[in-house]
2 protein chains.
Amino acid sequence: MNIPKQTVTSKDVAKLAGVSQSTVSRVFVEGSSVSEKTKQKVFEAAKALNYRPNAFARSLTTNQSKLIGLVFPDADYPIHMKTLQLISSELQKLGYSAVLIPWQVDGDSHSIPNIFQYRVDGVIAASATFNTALYEECEEFNIPIVQYARVVEGTKSSYVISDNYSAGQIAAQKFADSALNDVVYLTGEVPTFTNQERVNGFCDEFQTLTGKSPRVIEANYDYSGSLDEIRTLLSAGKPPQAVFCATDNLAMAFMDIARFEFNLDVPNDVQVIGFDDIPQATWLSYQLSTFRQDFARLARESVKIISNQIKEKDSSLVRLMVPVRFIERNSTK
Amino acid sequence: MNIPKQTVTSKDVAKLAGVSQSTVSRVFVEGSSVSEKTKQKVFEAAKALNYRPNAFARSLTTNQSKLIGLVFPDADYPIHMKTLQLISSELQKLGYSAVLIPWQVDGDSHSIPNIFQYRVDGVIAASATFNTALYEECEEFNIPIVQYARVVEGTKSSYVISDNYSAGQIAAQKFADSALNDVVYLTGEVPTFTNQERVNGFCDEFQTLTGKSPRVIEANYDYSGSLDEIRTLLSAGKPPQAVFCATDNLAMAFMDIARFEFNLDVPNDVQVIGFDDIPQATWLSYQLSTFRQDFARLARESVKIISNQIKEKDSSLVRLMVPVRFIERNSTK
DNA sequence: GTGAAAGCGCTAACAA
DNA sequence: TTGTTAGCGCTTTCAC
């Protein structure tokens, strides 16, 4: 176990360029005053030696790591990779890198604290399972945190989410336009703020428009965990005329059960709307009408917020709502 | 922009515990000799002050960052989140954290070098688009790299992949058992080592068993990019009796086109086998027979390899092949 | 615009 | 087992 010293340091570059170490430093720090000539000299020397500034040493003096902790989604939901790419890419543009924060605390819950040894400048919590410990740690160390596409109630943190209430309203309008009166909101089992907003928008609007209340029925956010609840729903008397589902996965589970086990036609016997617009929504088997979240925007905004809070030491909370778009395919009419 | 100093340092802890700074350090470093009594004292002081060792300062002296660069997949393929979770969790067990390396080099390609400012101890490249620059940088800085579930030919690095050749053989046997003779391998457009292995295993075995050669037809690894190629294939005379697809997404595209546009029954008119066992493979619309990769094992092994290469300074290449399992559902008979 | 010197928080010799 | 000392590679005053 023989760990070598770092190969090239700013000292080496300084020597080769014939300047002081601090001049080298200045060249690599934005906005320092260095003459164009020495700057060139230093760049040349740096390139010749293949020099990379040591971010750790830098952090030690600047007290900024340019590292953002990223709580990444725990569900194997098709859109989450895109989320990660978008966030990572936005961070990169601003000179930040992302460190993964494992959401699964194993055993003694020492894992969360571990990440704070790296002194992340901020944390982005991307639609993952709730983790109280994380929020407490952030508060303790005064690390700004922003929630991406989710809100954990009771936590005082910034967030960027889609306008779920409007989505609910639009779905309700769509169904009301078809003069339906027995409609269902199919929800997941874990109550979340964003889901509740959709429920509220849907129920409020449908009530207003038709005078009837939708049934809210609990299943699961994913496919396989919802099958039995859907069977129960469809076995209990007349099927609903339309179903608005909490996720696309759930909507697809509903469509499959309705078609293959209850011989119902979508959209003629029952209309279905999902939420998320996962790639599978376009597939020929589903052609699902659904709401597309503007993930690029969500990523951009959350990164912007976190970087502002870092730079400005501005601890005021930002709550942003991004519009969604209804994508009509063949599961509605 | 008022950046505060770090709140609590080992010095503070030392003072409170009434010991020297180096004793505090020893308490937080595995395998140092400290008496149980002082250890307790230090722990108490640390807890009272909410002390976290500064990983940057530590790295500076140890020349080890305990950070692993992670090149994460660029495709929005359903299993990739699981991959990330598994790798991240395995890393955590060994005391490492993962820093995301953005695969998309924007513009001036300065992004890759950036990550090396953090002096990652190693790099795991998880099934992503090939990036020559990354490999060169790693070599330049002597950073071990291991490829997860992929092999970029021409690169001298360790890798862990599934036994794709065997998968091809098993698929061939399955089809040969049904006495078929017109079978197709539906491949993606970008040639990869793992895919080629599957092609080889499939063709070799089918040839051996039946004396016939499968047709190898090029489409795409994802769903929507493959539709036209599949239409072309099915429009050209009699449909194949069976198709082995490079990915599950591709298999599902084939099933959809076959059923909805060519009125073919799966598996009676044409049998289909996929590869990956994504969650959708179990869905009622597909019930796809496919090969399940042992991602947990792939993650575990790749982390083990990288950590060994870091610890042992062992630059010998490890090439590991992990068995796959054929999961038979209703798309074959 | 540039250099010298001090110090960020930690670990690793070397003594004791 | 413990304390003292000397850096790790960088940035940042403060002179000049």
Side-chain angles (χ1 to χ4, degrees), chain A residues 1-43 45-46 49-67 116-119 121 141, chain B residues 1-42 45-46 49-67 95 116-119 121 141:
Chain A
M1 185 154 163
N2 173 27
I3 315 245
K5 304 261 172 206
Q6 174 168 332
T7 36
V8 181
T9 74
S10 65
K11 219 180 213 165
D12 302 321
V13 178
K15 201 176 293 172
L16 184 64
V19 297
S20 77
Q21 202 186 355
S22 26
T23 298
V24 175
S25 168
R26 286 189 188 99
V27 170
F28 287 96
V29 172
E30 295 278 317
S32 303
S33 67
V34 204
S35 78
E36 197 55 37
K37 227 166 64 182
T38 45
K39 198 183 243 173
Q40 287 313 320
K41 269 197 303 189
V42 170
F43 272 141
L49 297 173
N50 219 316
Y51 168 70
R52 300 269 179 282
N54 185 324
F56 299 146
R58 173 177 292 170
S59 306
L60 218 46
T61 46
T62 60
N63 260 297
Q64 273 199 276
S65 65
K66 287 291 183 179
L67 245 30
F116 285 91
Q117 303 192 177
Y118 287 102
R119 299 302 193 272
D121 291 337
F141 292 102
Chain B
M1 184 153 163
N2 171 27
I3 315 249
K5 304 260 173 206
Q6 172 168 334
T7 38
V8 181
T9 73
S10 65
K11 220 180 211 165
D12 302 321
V13 178
K15 202 176 293 172
L16 183 64
V19 297
S20 77
Q21 201 185 355
S22 28
T23 299
V24 175
S25 167
R26 285 187 190 103
V27 170
F28 287 96
V29 171
E30 295 278 318
S32 302
S33 66
V34 204
S35 78
E36 196 54 36
K37 227 167 62 183
T38 46
K39 198 182 244 173
Q40 287 312 321
K41 270 197 303 190
V42 170
L49 297 173
N50 220 317
Y51 168 70
R52 301 268 181 283
N54 185 323
F56 298 147
R58 173 178 291 169
S59 306
L60 217 48
T61 46
T62 60
N63 259 295
Q64 272 199 274
S65 65
K66 287 291 182 181
L67 245 29
F116 284 91
Q117 301 191 179
Y118 288 101
R119 301 302 195 269
D121 291 338
F141 291 103

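Owing to the predicted nature of the structure, the values given are computational and were not obtained by experimental measurement.
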| query | Within the structure shown, what part of the strands sits under 4.0 Å from B/V19 by heavy-atom distance: base, sugar-phosphate, or nothing? | reply | sugar-phosphate
| query | Once you round it to whole Å, what is the distance between C1' of C/dT11 and CG of B/N63? | reply | 11 Å
| said: Nearest whole Å is fine: how far is C/dG9 C1' from B/Y51 OH? | reply: 8 Å
| said: Name the residue from A/Q21, A/R58, A/K15 that meets the side-chain hydrogen bond (donor to acceptor under 3.5 Å, both in side chains) definition with A/S10. | reply: A/Q21
| Nearest-angstrom distance from the residue atom CZ of A/R52 to P of D/dC10 | 12 Å
| message | For a quick test of reading the model: is some side-chain N or O of B/S25 closer than 4.0 Å to OP1 or OP2 of C/dC10? | response | no
| task | Would you check if A/D12 and A/Y51 make a side-chain contact, meaning some heavy-atom pair closer than 4.5 Å? | result | no
| said: In whole Å, I'd like the distance from the CG atom of A/N54 to the C1' atom of D/dG9. | reply: 6 Å
| said: Under 4.0 Å, counting only non-hydrogen atoms across every strand here, what does A/T23 touch: a base, just sugar-phosphate, or nothing? | reply: sugar-phosphate
| request: Figure out the CZ/P separation between A/F116 and C/dG9, and round it to whole Å. | output: 18 Å
| message | So B/T38, base contact, sugar-phosphate only, or nothing? Heavy-atom distance under 4.0 Å. | response | sugar-phosphate
| In terms of the nearest nucleotide of DNA chain D, which residue is placed more toward the 5' end: B/L60 or B/S20? | B/S20
| For the side chain of B/T9, counting heavy atoms from C-beta on, which of D/dT2, C/dT11, C/dG9 is nearest? | C/dG9
| Heavy-atom pair with the smallest gap, counting every atom of B/L60 and A/F56 | CD1-CB, 4.5 Å
| task | Under 4.0 Å between any heavy atoms, over every strand shown, what does A/S35 touch: base, sugar-phosphate, or nothing? Just pick one. | result | sugar-phosphate
| task | Take atom NZ of A/K11 and atom P of D/dC8, then tell me their distance rounded to the nearest Å. | result | 6 Å
| request: To the nearest 0.5 Å, tell me how far B/N54 CG sits from A/S65 OG. | output: 9.5 Å
| task | Round to a whole Å and report the spacing from CD of A/Q21 to P of C/dA6. | result | 14 Å
| query | For the pair made of CD in B/Q64 and P in C/dT11, what is the distance, rounded to whole Å? | reply | 12 Å
| Distance-only donor-acceptor test, B/S22 side-chain atoms vs D/dT4 base atoms, 3.5 Å | yes
| field | Along DNA chain C (nearest heavy atom to each residue), the more 5'-positioned of B/A55 and B/R26 | value | B/A55
| message | Any side-chain N or O of B/S10 below 4.0 angstrom from OP1/OP2 of C/dC10? | response | yes
| query | Touch check for A/V29, heavy atoms < 4.0 angstrom, all strands: base, sugar-phosphate only, or nothing? | reply | sugar-phosphate
| query | B/K39 versus B/R26: any side-chain heavy-atom pair under 4.5 Å? | reply | no
